[in-house]
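What follows is a single structure, written as structure tokens, with notes after it.
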Amino acid sequence: MRLSRYFLPVLKENPAEAQIASHRLMLRAGMIKQEAAGIYAWLPLGFKVLRRLEQIVHEEQQRAGHIPLLMPTLQSADLWRESGRYDAYGPEMLRFKDRHDREMLYGPTNEEMITDIFRAHVSSYKELPLTLYHIQWKFRDEVRPRFGVMRGREFLMKDGYNFDLTREDALHAYNRHMVSYLRTYERMGLTAIPMRADSGPIGGENTHEFLVLANTGESEVFYDAAVAELKLGDRQVDYDNREEVADICKEFTSVYARTDETHDEALFDQIPEERRRVGRGIEVGQIFYFGTKYSAAMGATVTAPDGTKVPVEMGSHGIGVSRLVGALIEANHDDKGIIWPEGVTPFHVGIVNLKQGDAATDTACEAIYGALRAAGFDPLYDDRDERAGAKFATMDLIGLPWRITVGPRGLAKNLVELTSRRTGESEEMTAEAAIARIAEIYAGV
RNA sequence: CGGAGCGUAGCGCAGCCUGGUAGCGCACCUGCUUCGGGAGCAGGGGGUCGGAGGUUCGAAUCCUCUCGCUCCGACCA
């Protein structure tokens, strides 16, 4: 993309309403625009990141064998009366009537609807196990939205639902989700720690929240420093292998890590003192096992091998996709702007033309831009007629992890500059070498 | 929902107390100069002062109502 033809409305000054770094930077980098309290338009740069996160979530869900579908944002109140949650949910649920006076709601989650879909089409244990998920906009009418997309009223969420015959099968689904989530967050360049949690209005006995450590997080967290060092890395996981999946879960959950809701001071005190950590975390996902809570209430049964009808065992699992954009920035920024991890960056590399209009510099930039695109990369070429300082400031603000700087001074020696946004370190090399380095960097992403 | 604030140009703000032709910085447009870390000079455009009532000769300013937004608290992916 050529910046001169893109839509990137960056702000030089800080918007008054933004209190935390991610909110401020998303507004300044032209990623979002607020349209109402807790409701945002996603401008091109923000939309790109959002789409990228969605893509990673889709890939990892499908790798784990889960099946995508798409349910509507609007739901009928009747479904929610069946589960008893229409009255239980409270004013957080946005309710309204259509022209025929039918009671509707903007879905805050989809347990009822997925159960309705399941019971309409599945009647035998032979069709299990089944895990369906979608990535869809939700609405929760928070009393007090704040922190930009981190706590909006409208938000994009991946929510998935497993259907199994037995408790053991459902617990395997639970474990499978935990592992797939670990991989999802790692690919995004995040350390998200699974912590034993409270089940809240979803209900259920088994639940973990995934928290990204950040001092602007909403939850107080207590953990053993060792848990933050755990990595899934590039190990290959067979998601159908119960033992393997369970072992990984054990590895990640046997080290102490809890939110204030489930914190146990006595257990915490058993951790060697030098490893005890108290901090804050941003919740970016949660998994639940809740058995037959919805299936029993809504009549989602299958015929078991012995001929009896049994309610299916279920769980649900969510990833706050839009909130992750904010969490990523909270975890990756400095005083100049955002620093995107390679896995989620909106553009792979920025090209800064230091002397727009200079024939040799323009030609060199065009060549690099063309070569990168031909190699399958998505570069952002700053071809605006701006001064170097302005171009650098924009690149730093929007946080592309790599920058190729091209100017007459370097070109005289046939060199360009490759700069890391994270370390600030620059290295002079030929344009070909810079392109090769970019290819190398992204080969593992 | 309790408490506290704020709505004046695209953004950040002053003006309001003490009523009298609406200002500043950034951004934007034109020209010249400049050109490796958010340039300088000169000129220019843009605002029914959130909305509705009221008081007054006269309201951004005073009064009433209303809408929106933000912050602290309780609540939450």
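Proteins come first, then strands; the chains are lettered A, B, ... in the order of their sequence lines, and each starts at number 1.
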Review point. Just checking A:Gly424: base, sugar-phosphate only, or nothing, at a heavy-atom cut-off of under 4.0 Å?
Key: nothing

Exercise for review: Please determine, for the side chain of A:Ala16, which listed nucleotide (B:rC75, B:rG12, B:rC69) has the closest atom?
Suggested key: B:rG12

Check your understanding: Taking atom P of B:rG38 as reference, at what distance in whole Å does atom CG of A:Asp385 sit?
Key -> 17 Å

Point to revise | Nearest-angstrom distance from the residue atom CG of A:Leu11 to C1' of B:rC28 | key: 14 Å

Review point. Using 30° and 60° as the class limits, which term best fits the ring planes of A:Trp42 and A:Trp137: parallel, tilted or perpendicular?
Key: tilted

Check your understanding: Should the pair A:Phe347 and A:Tyr6 be assigned to parallel (<30°), tilted (30 to 60°) or perpendicular (>60°) ring geometry?
Key -> perpendicular

Exercise for review: Output the single nucleotide from B:rC76, B:rG36, B:rC69 whose closest atom is nearest the side chain of A:Thr405.
Suggested key: B:rG36

Check your understanding: Taking the same atom, C1', in B:rG50 and in B:rC69, what whole-Å distance lies between them?
Key -> 10 Å

Revision key, fill the gap. Mate of B:rG25 across any strand shown (Watson-Crick or G-U wobble, both atom pairs under 3.5 Å) is B:rC11

Point to revise | Quiz item: A:Arg146 side-chain donor-acceptor pair to B:rU70 base, under 3.5 Å | key: no

Practice item. Write down the partner of B:rA60 under the Watson-Crick or G-U wobble criteria, each distance required to be under 3.5 Å. Key: none

Review point. Touch check for A:Gly90, heavy atoms < 4.0 angstrom, all strands: base, sugar-phosphate only, or nothing?
Key: nothing

Review point. Distance from A:Ser22 atom OG to A:Met31 atom CE, nearest 0.5 Å?
Key: 9.5 Å

Check your understanding: Counting any heavy atom closer than 4.0 Å, what does A:Glu142 reach on the DNA or RNA strands: base, sugar-phosphate only, or nothing?
Key -> base

Revision key, fill the gap. Note: for A:Arg403 and A:Arg323 on RNA chain B, the residue whose nearest nucleotide lies more 5' is A:Arg403

Review point. Any salt bridge between A:Arg187 and A:Glu59, counting N to O under 4.0 Å?
Key: yes

Check your understanding: Counting only distance, no hydrogens or angles, is the base of B:rC76 paired donor-acceptor with the side chain of A:Arg140 under 3.5 Å?
Key -> no

Exercise for review: Using atom CZ of A:Arg153 as one end and atom C1' of B:rC69 as the other, report the distance to the nearest whole Å.
Suggested key: 11 Å

**Study point:** Between B:rC71 and B:rA27 - C1' atom distance, rounded Å
**Key:** 27 Å

Review point. With sugar-phosphate meaning primed atoms plus P, OP1 and OP2, does A:Gly318 contact a base, only sugar-phosphate, or nothing at under 4.0 Å between heavy atoms?
Key: nothing

**Study point:** Spacing of the P atoms in B:rG36 and B:rG43 (rounded, Å)
**Key:** 27 Å

Practice item. For A:Gln34, answer base if it contacts any base atom (sugar-phosphate contacts may also be present), sugar-phosphate if it contacts only those atoms, and nothing otherwise; contact means non-hydrogen atoms under 4.0 Å. Key: sugar-phosphate

Exercise for review: Provide, to the nearest angstrom, the distance between the CZ atom belonging to A:Arg144 and the C1' atom belonging to B:rG5.
Suggested key: 12 Å

Point to revise | Partner nucleotide, any strand, of B:rU18 [Watson-Crick/G-U, under 3.5 Å] | key: none

**Study point:** Residue from A:Asp362, A:Thr405, A:Asp382 passing side-chain hydrogen bond (donor to acceptor under 3.5 Å, both in side chains) with A:Asn353
**Key:** A:Asp362

Exercise for review: Name the pairing partner of B:rC49, where a pair is Watson-Crick or G-U wobble with both distances under 3.5 Å, or state none.
Suggested key: none

Check your understanding: Do A:Ile338 and A:Asn332 touch side chain to side chain, with heavy atoms closer than 4.5 Å?
Key -> no

Practice item. For B:rG46 and B:rA9, measure between their P atoms and round to the nearest Å. Key: 15 Å

Exercise for review: Tell me what A:Gly389 touches on the nucleic acid: a base, only sugar-phosphate, or nothing, going by heavy atoms under 4.0 Å.
Suggested key: sugar-phosphate

Check your understanding: Who is the Watson-Crick or G-U wobble partner of B:rA74, with both distances under 3.5 Å?
Key -> none

Review point. Contact class for A:Asp159 vs. all strands (heavy atom < 4.0 Å): base, sugar-phosphate, or nothing?
Key: nothing

Exercise for review: Look at all strands and tell whether A:Ala388 reaches a base, only sugar-phosphate, or nothing, counting heavy atoms closer than 4.0 Å.
Suggested key: sugar-phosphate

Review point. Can you tell which of A:Thr131, A:Asp159, A:Asn162 makes a side-chain hydrogen bond (donor to acceptor under 3.5 Å, both in side chains) with A:His317?
Key: A:Asn162

Exercise for review: Classify the nucleic acid contact of A:Ser322 as base, sugar-phosphate or nothing, counting any heavy atom under 4.0 Å across all strands shown.
Suggested key: nothing

Review point. When the distance from CD of A:Glu386 to P of B:rU34 is rounded to whole Å, what number comes out?
Key: 18 Å

Review point. Using 30° and 60° as the class limits, which term best fits the ring planes of A:Tyr256 and A:Phe268: parallel, tilted or perpendicular?
Key: tilted

Check your understanding: Counting side-chain heavy atoms from CB outward, which of B:rU70, B:rG36, B:rG38 is closest to A:Glu417?
Key -> B:rG36

**Study point:** Ring-face cation contact, A:Tyr86 with A:Arg95, 6.0 Å cut, 45° max
**Key:** yes

Review point. On a whole-Å scale, what distance lies between the C1' atoms belonging to B:rC11 and B:rG31?
Key: 26 Å

Check your understanding: Atom CZ of A:Phe392 to atom P of B:rG38: distance rounded to whole Å?
Key -> 10 Å

Exercise for review: Take the protein atom CD of A:Glu13 and the nucleotide atom P of B:rC28, then report the distance between them rounded to whole Å.
Suggested key: 12 Å

Check your understanding: Which whole number of Å gives the distance between the P atom of B:rC17 and that of B:rA60?
Key -> 12 Å

Check your understanding: When rounded to the nearest Å, what value does the distance between C1' atoms of B:rC63 and B:rU56 take?
Key -> 12 Å

Check your understanding: Taking the side chain of A:Arg387 as its heavy atoms from C-beta onward, which of B:rU70, B:rC35, B:rG36 lies nearest to it?
Key -> B:rC35

Check your understanding: Given atom CG of A:Asp141 and atom P of B:rC75, what is their separation to the nearest angstrom?
Key -> 18 Å

Practice item. Respond yes when some side-chain nitrogen or oxygen of A:Lys12 is under 4.0 Å from OP1 or OP2 of B:rA27, and no when none is. Key: yes

Review point. So what's B:rG5 paired with, Watson-Crick or G-U wobble, going by both distances under 3.5 Å?
Key: B:rC69

Exercise for review: Map A:Phe147 and A:Met150 onto RNA chain B by nearest heavy atom, then report which one ends up closer to the 5' terminus.
Suggested key: A:Phe147

Check your understanding: Considering only the C1' atoms, how many Å lie between B:rC76 and B:rG68, rounded to the nearest integer?
Key -> 23 Å

Review point. Which base sits across from B:rG31 as a Watson-Crick or G-U pair, both distances under 3.5 Å?
Key: B:rC41

